[in-house]
Amino acid sequence: MQEPRFEREGRLVTTVLDELPQSAVDPDDPTVLAFEYVQHLALAVEALAPAGRLRTTHVGGGGLTLARWLEHTRPGSPQIVLEPAAALTEAVRRELPLPRGHRIRVRPVTGEEGVAALADASADLLVLDAFDGGRVPAGLTHRQWLGEVARVLVPGGLFLANVPDEPGMRYAARVAAGAVEAVGPTAFVALHEVLKGRRFGNLVLVATRGPLDLYSLRRATASAALPTGVLPWADVARKVPGARPFGVDDAQPSPEPPARDGWRRR
């Protein structure tokens with residue numbers, strides 16, 4: 001792994017690791033969410049999570065963009081970040097200091113190790129946004145690990161995952177199948193052009209340990225700044241018939257991302 005570097009464009013600071021942008025932060029305004037999928041993660045939290053503080057576990061840290069946003073919008077929320085790249089965390093803390101009084105705790109462990117060590121029903125929200133060489137690690141998408149996610153979530157808890165995929169959604173559909181089996185009702189939130197298979201893109205998987213409020217989710221996407229839609233599991237299953245969950249033996253990392261000039265940021 002290369003040393004992380006930080007690219008500045010006005011007030012926005014993008015963390016780049018192994019030549020791939022990991023996150024973008026405005027140190028003065030945590031509500032600035034430059035990456036499309038991070039906007040979708042925040043949208044899902046606002047639409048579906050209860051009011052007040054949220055006990056949150058983040059699998060993957062990067063520049064701690066969503067953790068900063070959550071601290072700003074839900075002050076005092078106790079947050080655990082599982083980020084094995086200690087050098088990355090150290091560089092981010094140095095270049096992009098966290099706000100005073102925060103309750104964000106970073107543990108230098110993998111998602112597999114970190115989630116296994118968490119207590120039952122200890123999180124209201126669990127967010128998966130982890131990459132290794134630009135791909136989601138295979139160990140974070142199979143049904144057994146998703147079962148651990150379900151164990152850690154409280155009844156009614158919310159699981160969100162950044163699931164990048166190519167047109168056709170074959171990988172994302174298998175991850176969603178595992179979430180339906182292990183966690184509960186599931187849907188994807190993404191740009192319309194990604195849901196329609198027009199380009200490689202990031203889909204935000206939404207799964208709940210209780211009923212999934214699709215009405216509130218659709219209302220939130222209808223008023224989003226970007227052209228965003230919702231694809232419930234029933235529609236995913238019709239789009240990719242026969243999609244089955246990954247197991248430990250056949251788990252795969254997410255597809256190779258496009259070259260950096262193929263990424264879009266807003």
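Bear in mind the structure is a predicted one, so any value in this text is a computation, not a measurement.
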**OP:** Output the distance between atom CZ (R107) and atom OG1 (T89), rounded to the nearest 0.5 Å.
**Re:** 13.5 Å
Original post:
Can you find a heavy atom in the side chain of R55 that is under 4.5 Å from one in the side chain of P78?
Top reply: yes
Original post:
Side chains of W69 and V45: does their closest heavy-atom pair fall under 4.5 Å?
Top reply: yes
Original post:
Roughly how far apart are L158 CG and D124 CG, rounded to 0.5 Å?
Top reply: 9.5 Å
Original post:
Can you name the closest pair of heavy atoms from G147 and A182 and give their distance?
Top reply: N-CB, 3.7 Å
**OP:** List the atom of A138, the atom of P253, and the distance in Å for their closest heavy-atom pair.
**Re:** CB-N, 3.6 Å
Subject >> Ion pair R5/E3, N-O distance below 4.0 Å >> reply: no
**OP:** Flag the pair L231 / M169 as yes when at least one side-chain heavy-atom distance between them is below 4.5 Å, and no otherwise.
**Re:** yes
Original post:
Between E71 and R100, is there a salt bridge with N-O shorter than 4.0 Å?
Top reply: no
Original post:
Any donor-acceptor pair under 3.5 Å linking the side chain of R219 with the backbone of A47?
Top reply: no
Subject >> Test item: E112 and W145 side chains (from C-beta on) under 4.5 Å apart, heavy atoms >> reply: yes
Original post:
Transitively linked via ILVMFWY side-chain contacts under 4.5 Å: V154 with V115?
Top reply: no
Subject >> R199/E36 salt bridge by N-O under 4.0 Å criterion >> reply: yes
**OP:** Identify which one of H102, R103, H58, R68 satisfies the side chain to side chain donor-acceptor pair (under 3.5 Å) criterion when paired with Q79.
**Re:** H58
Original post:
How many angstroms lie between CG in L33 and CG in L41, if you round to the nearest 0.5 Å?
Top reply: 9.0 Å
Original post:
Looking at G229 and T221, what are the two nearest heavy atoms and their distance?
Top reply: O-CG2, 4.4 Å
Original post:
Do F246 and V248 pass the side chain to side chain contact (heavy atoms under 4.5 Å, CB included) test, and can you show the C-alpha distance, the side-chain angles, and the key distance before you say yes or no?
Top reply: CA-CA 7 Å; F246 287 116; V248 173; over 6 Å; no
Subject >> R174 bridged to D250 by N-O distance under 4.0 Å >> reply: yes
Original post:
Under the side chain to side chain contact (heavy atoms under 4.5 Å, CB included) criterion, do V194 and F188 qualify, and how do the steps go?
Top reply: CA-CA 11 Å; V194 175; F188 280 116; over 6 Å; no
Original post:
Heavy-atom count around R11 CZ within 6.0 Å, excluding the residue itself: above 12?
Top reply: yes
Original post:
Should we count CZ of R74 as having more than 12 external heavy atoms under 6.0 Å?
Top reply: yes
**OP:** Report the C-alpha separation of L125 and L160 in whole Å, then their side-chain angles, then the decisive distance to 0.1 Å, and conclude whether the side chain to side chain contact (heavy atoms under 4.5 Å, CB included) test is met.
**Re:** CA-CA 8 Å; L125 170 65; L160 304 176; 4.0 Å; yes
Subject >> Min side-chain heavy-atom separation F159-T186 under 4.5 Å >> reply: no
Original post:
Considering residues, nucleotides and ligands other than D26, do more than 12 of their heavy atoms fall under 6.0 Å from its CG?
Top reply: yes
Original post:
So do the side chains of L66 and D129 get within less than 4.5 Å of each other, counting heavy atoms only?
Top reply: no
Original post:
Between K239 (side chain) and A173 (backbone), is there a donor-acceptor pair under 3.5 Å?
Top reply: no
Original post:
Can you check whether L48 reaches L217 side chain to side chain, under 4.5 Å on heavy atoms?
Top reply: yes
Subject >> Cationic N near anionic O, under 4.0 Å, E90 to R93 >> reply: no
Subject >> L226 vs L191, side chain to side chain contact (heavy atoms under 4.5 Å, CB included): CA-CA, chis, key distance, verdict >> reply: CA-CA 7 Å; L226 300 170; L191 296 178; 3.7 Å; yes
Original post:
Which heavy-atom pair separates V183 from L146 by the least distance, and what is that distance?
Top reply: CG2-O, 3.9 Å
Subject >> S254 OG to N162 CG distance, which is reported to the nearest 0.5 Å >> reply: 8.5 Å
Original post:
In Å, rounded to the nearest 0.5 Å, how long is the span from CG of L12 to CG of D28?
Top reply: 11.0 Å
**OP:** Evaluate the side-chain proximity of P245 to H142: yes if any heavy-atom separation is below 4.5 Å, no if none is.
**Re:** no
**OP:** Give, for atom CG of L88 and atom OG1 of T15, the distance between the pair rounded to the nearest 0.5 Å.
**Re:** 7.0 Å
Original post:
Under 3.5 Å, side chain of D165 to main-chain N/O of Y171, donor-acceptor pair present?
Top reply: yes
